[in-house]
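Single-structure report; data block below.
Residue numbers start from 1 in every chain, and the chains themselves are labelled A, B, ... in the order their sequence lines are given, proteins ahead of strands.
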Amino acid sequence: MRLSQYFLPTLRDDPNEAEIVSHRLMLRTGMIRQSSAGIYSWLPLGHRVLRKIEQIVREEQDRSGAIEMLMPTIQSADIWRESGRYEDYGKEMLRITDRHEREMLYGPTNEELITEIFRDSVKSYRDLPRNLYHIQWKFRDEIRPRFGIMRGREFLMKDAYSFDLTEQGARESYNKMFVAYLRTFERLGLKSIPMAADTGPIGGDLSHEFIVLAETGESQVFCDRDLIERSAPGEDIDYSADLTSIIEDWTDKYAATEEKHDPKRFEAEVASESRMSARGIEVGHIFYFGTKYSEPMNCKVQGPDGKLVAVQCGSYGIGVSRLAAAIIEASHDEDGIIWPDSVAPYRVALINLKAGDEETDAACEDLYGKLENAGIDVLYDDTDERAGAKFATMDLLGLPWQIIVGPRGLKQGEIEIKRRATGERQSLTPEAAFKRIVDTV
RNA sequence: CGGGGCAUAGCGCAGCCUGGUAGCGCACCUGCUUUGGGAGCAGGGGGUCGCAAGUUCGAAUCUUGCUGCCCCGACCA
């Protein structure tokens, strides 16, 4: 993409209303614009990031055996009456009346809808287990939206729903999602820690929040330092195998959010040098809820013995739009964003230090064409801004690599590449620079 | 929802107290000079001063009502 042709309204100053760093940077880099309280438009740059995150989430869901679909944003109140949640959900649910005075709502979640679909289509245990997911916009009319995209009212969420015949089966489905989440967050360049969460009326040990560590995170978390060193299972993970040992490995150390923190247990279980207190952001939540919806909504299948049984269910959320902010919270410096390679809106910033100079233009055009042909996303600053302004803007945008081309270097037959994360620079011939970048993909 | 604050150009702000031609910085446009870390000079464009009513010869400024947004708290992917 040529910057001269792009839509990238950056801001030099911090907007007054932006309190946290991700909100400030998202506004300044022209990723988002507020539309009303807690509701945002995603401008081209932000949209690219959102799509990249979404794609990684999708790939890991697919790998785990979950099946993608798409449910609507608007739902009928009827199914929410069936589950009994229509009254329970309160004012957080945005209620809408259509022209025929039918009661509708903008979905804050989809348990009811997926349960209705499933019960109408599946009658036999032979069609279990299944895990269905979608990536769709949700709306929760938060009392106080804040922190930009981080706690907006409208947000993009991946939500998966598992259906099993037995509790044991449900536990296996749960474990698959657990592992898929570890892989997802790692691919997004984040350190995530699963923490036991409230299980609600069902009880048991099957609910975890996935917390990303970031200095500016909104909740206080306490854990064993060992957990930070763990890495997620590799691509070759076999989801049909027993995953219990992996889960145990990740849950045998102390980890709790402020709400569930027990200082006495913390001190008893964790050696003082391993005790860690940090800030975190909740980016995922998984839980098993058994027949909470299948029972009242009559979602039953015939078992091998011919008897009807209510299906065992769980649901699994990832805040896709929130992740964009969480990644920035976890990865930035005083100059701007530092995108992990996997979600960067463009991999390379190509900086023409003297647009209009024949030799410089030619060198840039050549590189730009080669990079594009190699399938590498490149944002080419072909404007006639001054060098300093270009550097500042590109540092702000935080693309992983900068290729800096100017007449001075070209006289020696060299251009410069810079790694945004470290600031490390290297002078190379254009050919070597191209090869260097291609090799990192 | 309780408490606090703000609303003047795309962004950041001054002007309001003490009513009288709407201003500054950044951004934007034109020209000249400049050109490897947010350039300089000159010229220029852009504002129903959140909305409505009131007071007044005259309201960004005073009064009342409303709306929007932000911050703190309880709640949350």
(Q) Does A:Met394 reach a base, just sugar-phosphate, or nothing at all? Heavy atoms under 4.0 Å. (A) nothing
Q | Any strand: nucleotide that pairs with B:U34 via Watson-Crick or wobble, under 3.5 Å | A | none
Q: Tell whether A:Thr393 reaches the base of B:G38 with its side chain through a donor-acceptor pair below 3.5 angstrom.
A: yes
Q. Quick one: the side chain of A:Arg28 and the base of B:G38, do they pair up donor-acceptor inside 3.5 Å?
A. yes
Q | A:Gln136/A:Thr73 under side chain to side chain donor-acceptor pair (under 3.5 Å): CA gap, chis, key distance, verdict | A | CA-CA 7 Å; A:Gln136 177 63 292; A:Thr73 54; 5.4 Å; no
(Q) Could you tell me how far B:A53 sits from B:A59 if I compare only their C1' atoms? Round to whole Å. (A) 13 Å
Q: Scan A:Lys52, A:Arg183, A:Lys158, A:Arg187 and name whichever one has a salt bridge (charged side-chain N to carboxylate O under 4.0 Å, His left out) with A:Glu59.
A: A:Arg187
Q: With a 3.5 angstrom cut-off on both distances, give the Watson-Crick or G-U wobble partner of B:C1, or none if there isn't one.
A: B:G73
Q: Return the nucleotide paired to B:C28: Watson-Crick means purine N1 to pyrimidine N3 with N6-O4 or O6-N4, wobble means G-U with N1-O2 and O6-N3, both under 3.5 Å.
A: B:G44
Q.
Over all strands shown, is A:Val320 touching base, sugar-phosphate only, or nothing at heavy-atom distances under 4.0 angstrom?
A. nothing
Q. Rounded to the nearest Å, what distance is computed from the NZ atom of residue A:Lys390 to the P atom of nucleotide B:A39?
A. 13 Å
Q: Report yes if a donor N or O on one partner sits less than 3.5 Å from an acceptor N or O on the other, where the partners are the side chain of A:Asp14 and the base of B:G12; otherwise report no.
A: no
(Q) Of the options B:G38, B:G25, B:G36, whose atoms approach the side-chain atoms of A:Asp13 most closely? (A) B:G25
(Q) What is the separation between atom CD1 on A:Ile39 and atom C1' on B:G68, rounded to the nearest whole Å? (A) 13 Å
**Q.** Electrostatic pair A:Arg51:A:Glu54 at N-O distance under 4.0 angstrom
**A.** yes
Q: State whether the number of non-hydrogen atoms from other residues, nucleotides or ligands found under 6.0 Å of A:Lys435 atom NZ is greater than 12.
A: no
Q.
With a cut-off of less than 4.0 Å, is there a side-chain N or O of A:Gln34 near OP1 or OP2 of B:C70?
A. yes
Q) Using atom C1' of each nucleotide, how far apart are B:U8 and B:U55 to the nearest Å? A) 22 Å
**Q.** P-based separation of B:U67 from B:C57 [nearest Å]
**A.** 32 Å
Q.
What's the closest nucleotide to the side chain of A:Arg425 if the choices are B:G36, B:G25, B:G38?
A. B:G36
**Q.** side chain to side chain contact (heavy atoms under 4.5 Å, CB included) partners for A:Ile338, two or more places apart
**A.** A:Ser331, A:Asp333, A:Arg420, A:Ala421
Q) Checking all strands, does A:Gly152 fall into the base, sugar-phosphate, or nothing category for heavy-atom contacts under 4.0 angstrom? A) base
(Q) Any strand counts, and the cut-off is 3.5 Å on both contacts for Watson-Crick or G-U wobble. Which nucleotide pairs with B:G23? (A) B:C13
Q) At what distance, to the nearest 0.5 angstrom, does CG of A:Leu213 lie from CD of A:Glu215? A) 10.5 Å
**Q.** 5'-most by nearest nucleotide on RNA chain B - A:Ala387 or A:Phe287
**A.** A:Ala387
**Q.** d(CD, A:Glu259; P, B:A77) in whole Å
**A.** 10 Å
Nucleotides 73-76 of chain B: which of its N/O atoms have a protein N/O under 3.5 Å away?
| residue | atom | partner | partner atom | Å |
| --- | --- | --- | --- | --- |
| B:C75 | N4 | A:Arg146 | NH2 | 3.1 |
| B:C76 | O2' | A:Glu142 | OE2 | 3.3 |
| B:C76 | O2 | A:Arg151 | NE | 3.4 |
| B:C76 | N3 | A:Arg151 | NH2 | 3.3 |

Q.
Checking base pairs now: Watson-Crick or wobble, both atom distances under 3.5 Å. What partners B:C51?
A. B:G65
Q) Given A:Arg151, which of A:Glu142, A:Glu282, A:Glu218 fulfils the salt bridge (charged side-chain N to carboxylate O under 4.0 Å, His left out) condition? A) A:Glu218
**Q.** Pairing partner of B:A59 (Watson-Crick or G-U wobble, both distances under 3.5 Å)
**A.** none
**Q.** Distance between C1' atoms of B:G46 and B:C26 (Å, rounded)
**A.** 15 Å
**Q.** Member of A:Asp384, A:Asp361, A:Asp357, A:Asp382 meeting the side chain to side chain donor-acceptor pair (under 3.5 Å) criterion with A:Asn352
**A.** A:Asp361
Q. Quick one: do A:Glu365 and A:Arg2 make a salt bridge, cutoff under 4.0 Å?
A. yes
Q | Distance, P atom - from B:G31 to B:C70, rounded to whole angstrom | A | 41 Å
(Q) What's the closest nucleotide to the side chain of A:Arg386 if the choices are B:G36, B:G38, B:U34? (A) B:U34
Q) Taking the side chain of A:Phe155 as its heavy atoms from C-beta onward, which of B:A77, B:C26, B:G12 lies nearest to it? A) B:A77
Q | Minimum-distance nucleotide to A:Ala37 side chain [options: B:C13, B:G38, B:C70] | A | B:C70
Q: By nearest nucleotide on RNA chain B, pick out whichever of A:Glu209 and A:Gly406 is the more 5' one.
A: A:Gly406
Q: Would you please confirm or rule out a distance under 4.0 Å between OP1 or OP2 of B:C11 and any side-chain N or O of A:Asn16?
A: no
